[in-house]
Amino acid sequence: MIDLHIHTTCSDGQFTPEETMRLAAEAGVTVAAVTDHDTVSGISRARQTAQQLGMTFFSGIEISVQYTRELHILGYGIDADSAALLAFCEENARNRRERTSRMLEFLHRRGVVISLEDVRRCNQGRTSGRPHFARALVELGYAGSIQDAFEKYLATPAFYAEAERPKPSPEKGIAVIRQAGGVAVLAHPHQLKLEGPELEALLQQLISLGLQGIEAHYSRHTAEQTRLYLQLAEKYGLLVTSGSDFHGPSVKPDIQLGSGVAGSLCVEDGEIPRRLAQAIAANSALA
Ligand code: AMP
Ligand code: FE
Ligand code: FE
Ligand code: ZN
């Protein structure tokens with residue numbers, strides 16, 4: 001099995017890079033990529049463990065860019081030592097830290113009694129993302145589930161207006177991946193909630209900025225969505241990738257490494273990594 005979309009404790013995943021790669025191997029994953037949000041800090045540890053366990057490993061990152069909804073770009077084969085990429089990650093980390101205090105204020109204005117310590121306690125002392133806040137909101141009894149915490153607080157129009165961090169433009173996000181020798185891929189296209197000409201217009205725009213692939217196979221895609229994204233990949237000459245978006249059971253309880261939601265993924269490890277590796281080699285030669 002192949003799984004090219006995996007999070008660790010370096011962003012909002014539950015397990016360390018080493019633990020995550022061990023779990024992936026146990027689940028039957030043979031080709032893996034770690035794609036933490038806006039950071040490359042887990043790559044070398046994950047690579048080492050993955051290779052010790054005999055897996056093929058791709059370096060990765062998932063970058064959230066400006067858009068009316070969540071628009072995430074995956075970058076594969078990036079050089080984790082690229083100065084441009086490291087500076088980009090540092091700026092995003094700073095924006096995340098600044099968002100943390102705005103999120104606390106946002107929640108306090110809504111009568112939620114929560115402190116930074118509450119958020120850190122449920123995450124081994126670290127804070128980086130909304131899922132950590134979501135977990136704290138569940139523990140403190142303000143939400144029934146992670147999903148409920150997002151619906152009530154963390155993915156509301158008010159949240160985006162009052163607390164969200166500045167995000168890089170799609171142009172910047174794709175450019176920094178390409179500069180680091182990587183291949184840029186549109187993550188979980190179903191989250192865009194677009195179809196037909198609107199979806200194609202966005203795809204065309206992203207392709208003009210350097211996008212080279214689409215995550216057609218994704219845990220939460222229906223068979224019909226997967227077919228649509230495979231057709232679009234064919235039409236626009238895009239690479240196809242496959243990823244679970246595993247974060248660990250305490251963050252996304254239904255998503256399993258390699259196989260997705262109740263076996264929704266289970267893509268064989270043949271053509272996809274071969275084509276991806278070719279594209280990375282071509283980009284690295286140019287970067
Ligand atoms: P952040 O990068 O800190 O803004 O958080 C992004 C993370 O929150 C990603 O892992 C998403 O899967 C998760 N997320 C975003 N929106 C939702 C939602 N509506 N329900 C559940 N998880 C979400
Ligand atoms: Fe995440
Ligand atoms: Fe994402
Ligand atoms: Zn993700």
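Numbers here simply count residues along the sequence, with the first being 1.
Applying the salt bridge (Lys or Arg N to Asp or Glu O under 4.0 Å) test to every pair with at least one member in residues 129-139, sequence neighbours left out, gives these pairs: E70-R130. Sorted by first and then second residue, the salt bridge (Lys or Arg N to Asp or Glu O under 4.0 Å) pairs involving residues 272-287 (not counting sequence neighbours) are E271-R274, E271-R275.
For CD of Q52, the number of neighbouring non-hydrogen atoms (other residues, nucleotides, ligands) closer than 6.0 Å is greater than 12. For Q225, the CD atom counts as densely surrounded, since its 6.0 Å shell holds more than 12 non-hydrogen atoms of other residues, nucleotides or ligands. The environment of CD in E162 is crowded: more than 12 heavy-atom neighbours from other residues, nucleotides or ligands sit within 6.0 Å.
H5 pairs by the side chain to side chain donor-acceptor pair (under 3.5 Å) definition with H7, E62, E215, D245, not counting sequence neighbours. For D254, the side chain to side chain donor-acceptor pair (under 3.5 Å) test picks out R220, with sequence neighbours left out.
Side-chain N or O atoms of T49 include none that pairs as donor or acceptor with a backbone N or O of A46 at under 3.5 Å. A donor-acceptor distance shorter than 3.5 angstrom exists from the side chain of S59 to the backbone of I78, with no hydrogens or angles considered. Judged by distance alone, the side chain of S82 and the main-chain N or O of A180 form no donor-acceptor pair under 3.5 Å.
In plain terms, the two heavy atoms of I73 and A184 that are nearest each other are CG2-CB, 4.0 Å.
Counting Ile, Leu, Val, Met, Phe, Trp and Tyr side chains that sit under 4.5 Å apart, directly or through other members, V240 shares a hydrophobic cluster with I2, L4, V31, F58, L74, Y76, V183, V185, L230, L239, V267, I272, L276, I280. Side-chain contacts under 4.5 Å among hydrophobic residues (ILVMFWY), followed directly or transitively, place Y218 with no other residue at all.
Taking CE of M103 as the reference point, atom OG1 of T100 lies at 6.5 Å (rounded to 0.5 Å). For the atom pair OG (S64) and CZ (R165), the distance works out to 5.0 Å, reported to the nearest 0.5 Å. Taken from NE2 in H132 to CG in L137, the straight-line distance is 13.0 Å, to the nearest 0.5 Å. Rounded to the nearest 0.5 Å, atoms CG (D12) and CZ (F133) are 12.5 Å apart.
In this structure the side chain of F15 reaches within 4.5 angstrom of the side chain of F246, judged on heavy atoms.
Geometrically, R102 does not engage F106 in a cation-pi contact, judged by NZ or CZ lying under 6.0 Å from the ring centre and within 45° of the ring axis.
A salt bridge does not link E91 to K167: none of the charged nitrogens lies less than 4.0 Å from a carboxylate oxygen.
A donor and an acceptor atom, one from each side chain of T39 and D36, are nowhere located under 3.5 Å apart.
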